[in-house]
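For reference, the structure discussed in these notes is given below.
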Number of protein chains: 2
Amino acid sequence: MINKQSHIPIYYQLEEEIKSMIHTKQLKAGDLLPSEREYAEKYAISRMTVRQAINNLVKEGLVYREKGKGTFVADKKFEQDLSGLTSFSEDMRNRGLSPSNKLISFDFIKADEQLASTLSISPTDLVCKIKRIRLADNEPVALETIYTPKTIVGEMNYQEFSHSFYDYLEKKLHFKIGFGYQTIEASLASDEEATHLKIKKDSPVLVMERTSFLQNEEQTPIEFVTSTYRADKYKFKMKMKRD
Amino acid sequence: MINKQSHIPIYYQLEEEIKSMIHTKQLKAGDLLPSEREYAEKYAISRMTVRQAINNLVKEGLVYREKGKGTFVADKKFEQDLSGLTSFSEDMRNRGLSPSNKLISFDFIKADEQLASTLSISPTDLVCKIKRIRLADNEPVALETIYTPKTIVGEMNYQEFSHSFYDYLEKKLHFKIGFGYQTIEASLASDEEATHLKIKKDSPVLVMERTSFLQNEEQTPIEFVTSTYRADKYKFKMKMKRD
DNA sequence: TATGTCATCTGGTATAGACAACTATACTTA
DNA sequence: TAAGTATAGTTGTCTATACCAGATGACATA
């Protein structure tokens, strides 16, 4: 349903509505969507607003248009842009899983030299360190540690972003995240990782490290995150273009 | 200049105009673009049309918006190095290392059902299977197996592409590679992998699988490759954009 | 000096309507 | 039967307008 009084943009509400129809299989791959005019009439909104919603879905690869015919649900193979910068929560939802967290620690600490350099801050500056177990459908999948400069996020408490850190940065703090540098390597689970992820020591794990930057002129570093994923529960997937 | 009578959409003309201003450095990285209203007035077109042009440029990563401030030319750093689709040889050269190979086997085999489906061929079709050890500066880094349909590459002998498989496809066969889907996961080295890579059994390894497609309308699958990388010698690195 | 307010920029959202270009179907005509 | 035509439906493009919300600088006020 669309709520015109809401502060959430109408096009965004419609976008989520259609997304949900697709995820719950009420609209299946190849299905014809209602036409833009039908949506406009049904919700008493402008066709241009409908187009904005559908444009975003096209951009995400969930649907595609054919002039003169209509808009169709995309085949899953081409469903998502797998190469985008996403948070764990977004990633899991894209995979059709339900993300959750278990907080291990939440502190403000002094950055060591390397972290300070990574985040372009002074070694005396405080950083917020958040260590969490990330679960998908209630199964532990990854152990994640986020470091983010206190000078940027300010005082914060864990309740505020217990869901998605990127949601918190973008929707609450109105930061625009631009891009991230990421490395992926293979390793073996340490004692601590094994315990939290409920696997045996020396089981294979993927270690992902990422530094993300804001979309401003300074390209301010906004987070450094290191995540250890259970190899049996997680694969990185990406679509790559040839230049 | 914008030609309203042209059959080329106005938003597209404006898009190209701005692009050209950026490429000829009349608009440099970080520069403020004229506001949407200015463009609208200057060319006597609607602001919504201007927005459509700028939206596309934002999508391409050439410019970014900041509410209340304006639209800016993106830094070049955004533009390039989106972790494109590369072969092992290209990858190693990018890292400043010297790639080489050691051939293990080279056969034409019948595709099993899954491989046939991946490559969109019939299970009775032959595929060329190439198994090689990939070295960087003469150190074994990965064990790679390439499967490519014989119907596409035809007869071929190993000498012809002993360097880079992508070079062979693009320069000799004049194929245009469009994109690839890739997964990365962690595992432990098998006996065979351990032997070839000169590591101990059960050492951590990265397993990369990729299917690449041609840049044609049919998006013909051109290769399926699976590579096992030594975790101590190899990290995946990538730059990712936030949508 | 410091603070707050206001005017005026900016992009973000939304409307209502128009015509063009394309597709599919039903119908007419040679 | 086969080919052309009318028509109704779709997305694509474009206009002119309106108001909202964030940013900024000028200016008045405490």
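Below, chains carry the letters A, B, ... as their sequence lines are ordered, and counting in each starts from 1.
Side-chain contact annotation: A:Thr228 with A:Glu193, donor-acceptor N/O pair under 3.5 Å present. For the 3.5 Å distance criterion, the side chains of A:Gln13 and A:Tyr43 fail to qualify, holding no donor opposite an acceptor.
Within 4.0 Å (heavy atoms only), A:Gln13 reaches no atom of the nucleic acid at all. Here B:Ile10 lies in heavy-atom contact (under 4.0 Å) with sugar-phosphate atoms only.
Atom CG in A:Asn55 sits roughly 8 Å away from atom P in D:dG12 (whole-Å rounding). Nucleotide D:dC20 holds its P atom 13 Å from the CD atom of A:Gln5, rounded to whole Å. For B:Glu15 and D:dG12, the CD to P distance is 15 Å, given to the nearest whole Å. Here D:dT10 presents its P atom at 14 Å from CZ of A:Arg65, a figure rounded to the nearest Å. Rounded to whole Å, atom P of D:dT13 lies 15 Å from atom CD1 of B:Ile2. For B:Leu14 and D:dC14, the CG to P distance is 10 Å, given to the nearest whole Å. Between the CG atom of B:Asn56 and the P atom of D:dG12 there is a distance of 12 Å, given to the nearest Å.
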Under 3.5 Å, which N/O atoms of the protein pair with N/O atoms of nucleotides 5-8 of chain D?
none

List, with names and distances, any nitrogen or oxygen atoms from the protein found under 3.5 Å away from nitrogen or oxygen atoms belonging to nucleotides 22-24 of chain D.
| residue | atom | partner | partner atom | Å |
| --- | --- | --- | --- | --- |
| D:dG22 | N2 | B:Gly68 | O | 3.2 |

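In terms of position on DNA chain C, the residue among A:Pro9 and B:Pro34 whose nearest nucleotide sits closer to the 5' end is B:Pro34. Where A:Arg47 and B:Met48 each meet DNA chain D at their nearest nucleotide, the meeting point lying more 5' is that of A:Arg47.
By the ring pair (Phe, Tyr, Trp, His ring centres under 6.0 Å) test, A:Tyr234 pairs with A:Tyr229, A:Phe236, sequence neighbours left out. For B:Glu209, the salt bridge (Lys or Arg N to Asp or Glu O under 4.0 Å) test picks out no residue, with sequence neighbours left out. Judged as a side chain to side chain contact (heavy atoms under 4.5 Å, CB included), and not counting sequence neighbours, the contacts of A:Ile104 are A:Lys131, A:Ile133, A:Leu143, A:His196. Not counting sequence neighbours, the partners of A:Glu16 by the salt bridge (Lys or Arg N to Asp or Glu O under 4.0 Å) test are A:Lys19. Annotation: side chain to side chain contact (heavy atoms under 4.5 Å, CB included) contacts of B:Ser117 (sequence neighbours excluded): none. Contacts of B:Glu41 classified as salt bridge (Lys or Arg N to Asp or Glu O under 4.0 Å), with partners at least two apart in sequence or in another chain: none. Partners of B:Lys59 under the salt bridge (Lys or Arg N to Asp or Glu O under 4.0 Å) rule, at least two apart in sequence or in another chain, do not exist in this structure.
Of the residues in residues 39-46 of chain B, B:Ile45, B:Ser46 come within less than 4.0 Å of DNA chain D through at least one heavy atom, sorted by number.
The closest side-chain heavy-atom distance from B:Thr49 to B:Tyr39 is not below 4.5 Å. Contact annotation: the side chain of B:Thr211 never approaches that of B:Val225 to less than 4.5 Å [non-hydrogen atoms, C-beta and beyond].
Taking 4.0 Å as the cutoff to heavy atoms of chain A, we find the contact window on DNA chain C bounded by C:dT13 to C:dA24.
Note that CD1 of A:Ile10 is 10.0 Å distant from CD of A:Gln52, once rounded to the nearest 0.5 Å.
Counting only residues at least two apart or in different chains, salt bridge (charged side-chain N to carboxylate O under 4.0 Å, His left out) contacts with residues 47-57 of chain B comprise B:Glu36-B:Arg47, B:Glu36-B:Arg51.
Contact detail for B:Ile22 and B:Leu62: the closest heavy-atom pair is CD1-CD2, 4.0 Å.
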